[in-house]
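All figures in this text were calculated on a predicted structure; none of them were measured in a lab.
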Amino acid sequence: MFSHIFVGVSDFDRALAFYNPLMSTLGIKARFCERERPWAGWQSSPAPRPLFLIGTPHDQQPHERGNGQMVAFLAESREVVDEAYAVALANGGTSEGAPGLRPEYHEHYYGAYFRDPDRNK
């Protein structure tokens with residue numbers, strides 16, 4: 001359904017230091033990193049799409065986070081959710097909800113919520 005999701009950032013190096021270990025924890029492989037542009041992308045597997053991308057906004061204006069927007073990554077297990085949450089917080093993220101069951105979505109939904117250093121959820 002999706003080709004890619006692009007998340008704007010204000011400090012590319014800080015964002016890369018946040019997303020590289022997070023994506024590694026989730027088993028999502030880096031596809032490219034172009035510091036001169038700057039932008040980076042990670043690729044779903046086994047298909048080449050969708051991509052998750054970070055970078056400075058194309059219009060060269062400051063990044064502004066949206067309210068009510070969220071990107072959710074699929075984890076293989078509850079343990080991976082726990083680990084991804086810990087990695088996010090250890091790399092400059094802030095908590096929006098510790099790992100746990102979310103029965104309001106469905107009885108077995110287990111997730112965690114956090115924001116990156118730019119406050120993207």
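Residue Cys33 holds its SG atom at 4.0 Å from CZ of Phe12, rounded to the nearest 0.5 Å. One finds the CD atom of Glu83 at 8.5 Å from the OG atom of Ser24 (value rounded to the nearest 0.5 Å).
A salt bridge does not link Asp116 to Arg14: none of the charged nitrogens lies less than 4.0 Å from a carboxylate oxygen.
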inquiry  = Could you go through Phe32 and Trp39, starting from their C-alpha distance and side-chain angles, then the distance that decides it, and tell me whether this counts as ring pair (Phe, Tyr, Trp, His ring centres under 6.0 Å)?
reply    = CA-CA 8 Å; Phe32 67 88; Trp39 72 323; 4.6 Å; yes
key: Residue pair Ser95, Leu89: steps toward the side chain to side chain contact (heavy atoms under 4.5 Å, CB included) verdict   = CA-CA 7 Å; Ser95 177; Leu89 298 188; 4.3 Å; yes
request  = Begin from the C-alpha positions of Val81 and Phe73 and carry the test side chain to side chain contact (heavy atoms under 4.5 Å, CB included) through to its verdict.
outcome  = CA-CA 9 Å; Val81 171; Phe73 296 102; over 6 Å; no
key: Derivation and outcome, side chain to side chain contact (heavy atoms under 4.5 Å, CB included), residues Asn20 and Leu22   = CA-CA 6 Å; Asn20 269 334; Leu22 177 62; over 6 Å; no
inquiry  = Quick one, Glu107 with Leu101, criterion side chain to side chain contact (heavy atoms under 4.5 Å, CB included). Give me CA distance, side-chain angles, the key distance, then yes/no.
reply    = CA-CA 8 Å; Glu107 80 178 289; Leu101 287 170; over 6 Å; no
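Note: the hydrophobic cluster containing Met70 also contains Tyr105 (ILVMFWY, side chain heavy atoms under 4.5 Å, direct or indirect links). Taking hydrophobic clusters as Ile, Leu, Val, Met, Phe, Trp and Tyr residues chained together by side-chain heavy-atom distances below 4.5 Å, Ile54 shares a cluster with Ile28. Taken together through direct or relayed side-chain contacts under 4.5 Å among Ile, Leu, Val, Met, Phe, Trp and Tyr, Val80 and Phe18 form part of one hydrophobic cluster. In terms of hydrophobic clustering, with Ile, Leu, Val, Met, Phe, Trp and Tyr side chains grouped at heavy-atom distances under 4.5 Å, Ile5 and Met23 are assigned to a common cluster. Under the 4.5 Å side-chain heavy-atom criterion for Ile, Leu, Val, Met, Phe, Trp and Tyr, Leu53 and Val71 are members of distinct hydrophobic clusters.
Put simply, the side chain of Arg31 does not reach to within 4.5 Å of the side chain of Trp42, judged on heavy atoms. A 4.5 Å side-chain heavy-atom check between Leu16 and Arg35 finds at least one atom pair inside the cut-off. Counting only heavy atoms from C-beta outward, the side chains of Tyr109 and Pro103 never approach each other to under 4.5 Å. You'll find the side chain of Lys29 stays beyond 4.5 Å of the side chain of Gln43, heavy atoms only.
Within 6.0 Å of atom CD in Glu104, more than 12 heavy atoms from other residues, nucleotides or ligands are found, so the atom counts as buried in its surroundings.
For the pair Thr25 (side chain) and Pro21 (backbone), a donor-acceptor distance under 3.5 Å is present. At least one donor-acceptor pair closer than 3.5 Å links the side chain of Ser44 to the backbone N or O of Pro50. Side-chain N or O atoms of Asp118 include none that pairs as donor or acceptor with a backbone N or O of Gly8 at under 3.5 Å.
At least one cation-pi condition fails for Lys121 and Phe114: the charged atom is not both under 6.0 angstrom from the six-membered ring centre and inside a 45 degree cone around its axis.
Taking the six-membered ring for Trp and the full ring otherwise, Phe52 and Phe6 have centroids separated by 6.0 Å or more.
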